[in-house]
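One structure is given here, and the rest of the page talks about it.
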Amino acid sequence: MKSSQIRKAFLDFFASKNHHIVASAPLVVKNDPTLMFTNAGMNQFKDIFLGNSPVQFPRIANTQKCLRVSGKHNDLEEVGHDTYHHTMFEMLGNWSFGNYFKKEAIEWAWELLTEVYRLDKDRIFVTVFGGDQGDGLEQDTEAFEYWKAIIHPDRILFSSKKDNFWEMGDTGPCGPCSEIHIDLRSIEQRLAQPGKELVNQDHPLVVEIWNLVFIQFTRLSNGQLKPLPDKHIDTGMGFERLCMALQAKQSNYDTDIFQPYIAKLSEMANIAYGSANMSDVAMRVIADHLRAVSFAIADGEIPGNNKGGYVIRRILRRAIRYGYTFLKFREPFVHQLVPVLVANMGNAFPELVAQQDFVKRVIAEEESTFLRTLATGIQKFENYLTAHSGRGTMDGGFAFELYDTYGFPIDLTQLMAKERCWSVDMEGFELGMEAQKLRSRSAASVETGDWVEVQQAFSDTRFVGYDAHEAEVSLIKYRKVLSKGKSYYQLVLDCTPFYAESGGQVGDRGWLQANDTKIEIVDTQKENNLVVHIAESLPEELPLKFVARIDQVKRNLTENNHTATHLMHAALAKVLGSHVQQKGSLVNEERLRFDFSHFSKVTADEIEQIEQIVNAKIRENIHQEEHRELEMEQAKSMNAVALFGEKYGEKVRVIAFDPQYSTELCGGTHVGATGQIGLFKIVSEGAISAGIRRIEAVTGSAAEEFVNKKAKELEALKSLLKNPTNSVAVLQQLLDQNEMLRKALDQMEKEKARLMVPELLEKAWEVNGINCIVQRLNTSAETAKDLAFELKARMDNLFVVLGYVHDSKPGLAVLISENITKERGFNASEIVKNLAKHIQGGGGGQPFFATAGGKNPDGLDKALAEAKKMFAV
RNA sequence: GGGGAAUUAGCUCAGUUGGCUAGAGCGUUUGGCUGGCAGCCAAGAGGUCAUCGGUUCGAGCCCGAUAUUCUCCA
């Protein structure tokens, strides 16, 4: 069975059991402060489990792309070294939200595995939760009974809380689970040791393939468990492992999910897979990481230096590093695998096909950046070895600096050191690392208190802000949050006119008022689907009912910018082409910022065209067309623009300004008619990373101010230039002229020095074969220096002391022919220091030439006199 | 969000306790030599040492701010 068929069979099976099949959520998580990437199939249903969102379909199944780089069983550094760890993987899952429970979950799992996939029943073992004293929980006899009806009790194992009790986090929904394991060893091995003994022992061929979680409790922050009124099923089956089992392979990497990349890599590197351990590891690493990185980029997470972007960068760089070291690639290579990936997975994940070029380009760019980083690191490394030759051990601090500051991988440092028979002080390295981690952690801790529930029976905050700017609301719950020594409160209301930050539009500000108490709301945000109103302080007595009113001025200005963003998005596609995809957006009351995929600078001409189109649309005063509750299919038929990497619900909202021109899926708020925007003006355009440009723009009075300021600046410049007809040419001429004059002046100074030379040479006197010149001048330090060097060129065996006063500051220059410094032991630096005492200064230089400056011009003659004394006739 | 670094010629980079008339290789220009490959020799041009301010007799170097870029951690 091919992997694509295996995936399809799963979805078909659960569809036949009345499950609604949903698309995989994006890999990149938005609106959840605790999570950067989707790391489990249940992520997109978290709000349903938490009770923040209503249940639309009680039965759901899907395949979900997931990414894990850390956690109890996942360390990035291990991926590729074994046969079954991955960064990105697919999780097949079926869900019940308050619908069926343990019986059906167990029976269907068995039916699918043994009747559809026809797995060998003798190879299957299951585990059941064995109870836990600390939590006061009995063993899960219910699950045990259901299993006993279909599988021999010998094959059922009871396991501890560690393995068989699932929790979402420190608090929240949780419950016992039941795992299905499969023994893929050969008959001989199975006879030699019963598979039962290897379950949960990290054996590569006795693996868990499916976890059935029975959510029946919620854990409170005091650690207690509270039974849930509605019980849920949450299952997850590792797709890659399932394929390994069904394709009778010994390793996930031997399945048709990974082999195409390995084959291609093997061809590119001209190294057969299986020929050497480390090259095999490298190929597995790259095959795995290629998938993770490509999917993340397609979902909008670009390699970068913080948050999710940094995770992606680390994964990609790890792939490059393995290719560099073990497959000897010296040019970007990972991006060449993207077409293979698209050919393989494009069918199941259309976003890959649509974004293929972009993904390829971003990866290629990151690859060449990293290869450059490696090159500078190698140079630093070599410099260090030369500077400390003979030591044999590299200082851990330096190794850390190489890693921390120059991004040079520590294992590469170790490898290169080993090749030279050096070692690396790893203790010192770890020390530096720990200090770094400590700093970061202490800077970013957030403490959240328990929710104080004021009212029950709550499903979803109703948003009324599209139509109203104020509303009567009641408080549902609130909590206190501590972050970086500051505390604030989060409030949840039954309904609200406050728009919560999302889709780039900032959250509303405003007030909650009840009789004489007034609470200021400084921001509104979303945590998953939960709308939280943020207040810096709360009154002692908290009323239950309020009038909620938003700051309307801020909202209006924000709407101007949001609508302008839509108009510009459409204009960009028109002017630049259809490859323009939104990659990020920020809309607040001051300006708008829009990131989009495009591979070259937007020219001044194009900017002008874009502004023209947008301003024309503003002047048309187009009325907003809003469709609040559309089926996704309907929206698509209207050609509404949707974003990759954005999770849309079953019902979507569509905003159009002239359906022929701009139609977008959007939850944000907009102007009633475009004329309100007044004026649109692009303020800046630039690159933000490979293949992504950023435009910032302003509207309304802010745009007016911007234009006026520019005009004033230009006026001021022109009037300084005496209002010429062609001010640019005049300015250029002025700059050229300035450069020319500067050089001419330089020449003059040198010339002046040269002219003084004969006169000075005449004043020279000779003592013991040394030609002495001591003279007071009226020049700058620069000229005196030139002069000294001119003299040196004309006369041998020279000893020169020149004194000068420039800008009412005295200075000295001492020059001695090099042969004399050596033969007679004179040192210009020491001499000048001595002489400088008379002018209250100090100085120094090389033995043959030194300068000094001072504060007291009156002492200059004294200094020169002393110089003369040294060589008195 | 918190650290560490970098910014010097068209490019890649040196510049060691502040004393520098700021260097190298590549590239470039000119002249000469030369039968191949990155040909050889000689001479030259090319720098407000990122920007602004400070310390100092003196700053490419020290201190502060800004900008841009790189990088690690969360």
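The model shown is predicted, which means the values in this text are computed figures rather than measured ones. Below, read A as the first sequence line, B as the second, and so on, with proteins coming before strands; counting in each chain starts at 1.
Judged by distance alone, with hydrogens and angles left aside, N305(A) brings a side-chain donor or acceptor within reach of the base of U71(B), the pair sitting under 3.5 Å. Side chain E401(A) to base G4(B): no donor-acceptor pair is found below 3.5 Å.
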Requested in this report: List the steps, then state whether salt bridge (charged side-chain N to carboxylate O under 4.0 Å, His left out) holds for R313(A) with E366(A).
Outcome: CA-CA 8 Å; R313(A) 162 174 285 178; E366(A) 179 68 18; 2.9 Å; yes

Query raised in the report: Hey, mind stepping through E382(A) and R420(A) against salt bridge (charged side-chain N to carboxylate O under 4.0 Å, His left out) and telling me if it holds?
Result: CA-CA 11 Å; E382(A) 295 293 344; R420(A) 309 294 188 83; 2.6 Å; yes

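For C20(B), one of the phosphate oxygens OP1 or OP2 lies less than 4.0 angstrom from a side-chain nitrogen or oxygen of Q846(A). Distances shorter than 4.0 Å separate some side-chain N or O of R317(A) from OP1 or OP2 on U71(B). Using a 4.0 Å cut-off, some side-chain N or O of R313(A) falls inside it from OP1 or OP2 of U71(B).
Comparing G58(B) with G19(B), their P atoms sit 15 Å apart, to the nearest whole Å. Rounded to whole Å, the P atom of C40(B) lies 13 Å from the corresponding atom of G25(B). With both ends at atom C1', the span from G1(B) to A59(B) equals 35 Å, rounded to whole Å. Between A6(B) and U66(B), the distance separating the two C1' atoms is 16 Å to the nearest Å. Only the P atoms considered, A74(B) is 42 Å distant from G54(B), to the nearest whole Å. The separation of G27(B) from A9(B), taken at their C1' atoms, amounts to 11 Å, rounded to a whole angstrom. When the C1' atom is used for both G47(B) and U56(B), the distance is 25 Å, rounded to whole Å. Across the C1' atoms, C11(B) and U55(B) are found 35 Å apart, a figure rounded to whole Å.
In this structure, G18(B) forms no base pair with any nucleotide, since neither Watson-Crick nor G-U wobble geometry is met with both distances under 3.5 Å. Across all strands shown, the partner of A43(B) is U29(B), judged by Watson-Crick or G-U wobble contacts whose two distances both fall under 3.5 Å. The pairing partner recorded for G36(B) is none, the criterion being a Watson-Crick or G-U wobble arrangement whose two distances lie under 3.5 angstrom. Nucleotide U66(B) forms a pair with A50(B), judged by Watson-Crick or G-U wobble geometry with both contacts under 3.5 Å. In this structure U55(B) sits in no base pair that meets the Watson-Crick or G-U test at under 3.5 Å.
The side chain of K809(A) sits closest to C57(B) out of C57(B), G4(B), C70(B). Of the candidate nucleotides G2(B), C72(B), A74(B), C72(B) has the atom nearest to the side chain of D404(A). Here the side chain of Q436(A) is nearest to one of U71(B), G3(B), C13(B), namely G3(B). You'll find that the side chain of T851(A) is closest to G19(B), out of G19(B), C13(B), G2(B). For S440(A), whose side chain is taken as the heavy atoms from C-beta onward, the closest listed nucleotide among G3(B), C13(B), G1(B) is G1(B).
Remark: C1' of G3(B) and OH of Y406(A) are 15 Å apart, rounded to the nearest angstrom. What separates CD of E382(A) from P of U12(B) is a distance of 20 Å, to the nearest Å. The separation between L35(A) atom CG and A74(B) atom P is 16 Å, rounded to whole Å. The separation between N856(A) atom CG and U56(B) atom C1' is 17 Å, rounded to whole Å. Residue I816(A) contributes atom CD1, which lies 18 Å from atom P of G19(B) at whole-angstrom precision. Rounded to whole angstrom, the span from the CD atom of E782(A) across to the P atom of G19(B) amounts to 16 Å. One atom, CZ of F400(A), and another, P of G3(B), lie 14 Å apart when rounded to the nearest Å. In this entry the distance linking CZ of R441(A) with C1' of G3(B) reads 14 Å, nearest Å.
Within the 4.0 angstrom heavy-atom criterion, no nucleotide atom of any strand lies near A850(A). The residue T373(A) sits close only to the backbone: its heavy atoms come under 4.0 Å of sugar-phosphate atoms, none of a base. Residue G843(A) is in base contact, counting any heavy-atom pair closer than 4.0 Å across all strands shown. Nucleic acid contact class of F408(A) (heavy atoms, under 4.0 Å, all strands): none.
Closest approach of I773(A) to L760(A), counting heavy atoms only: CD1-O, 4.0 Å. Closest approach of F37(A) and G308(A) over heavy atoms only: CZ-O, 3.5 Å.
Across the interface with RNA chain B, nearest-nucleotide mapping of G407(A) and A788(A) shows A788(A) to be the residue nearer the 5′ end. Nearer to the 5' terminus of RNA chain B, by closest-nucleotide assignment, is the contact made by G853(A) (compared with the other of G853(A) and R314(A)).
Ring pair F400(A)/Y403(A) is tilted by interplanar angle, where 30° to 60° counts as tilted. Classified by interplanar angle (parallel below 30°, tilted 30° to 60°, perpendicular above 60°), the ring pair F398(A)/Y384(A) is parallel.
One distance of note links CG of L316(A) with CZ of R321(A); it measures 11.5 Å at 0.5 Å rounding. Here the NZ atom belonging to K583(A) is positioned 5.5 Å from the OG atom belonging to S597(A), to the nearest 0.5 angstrom.
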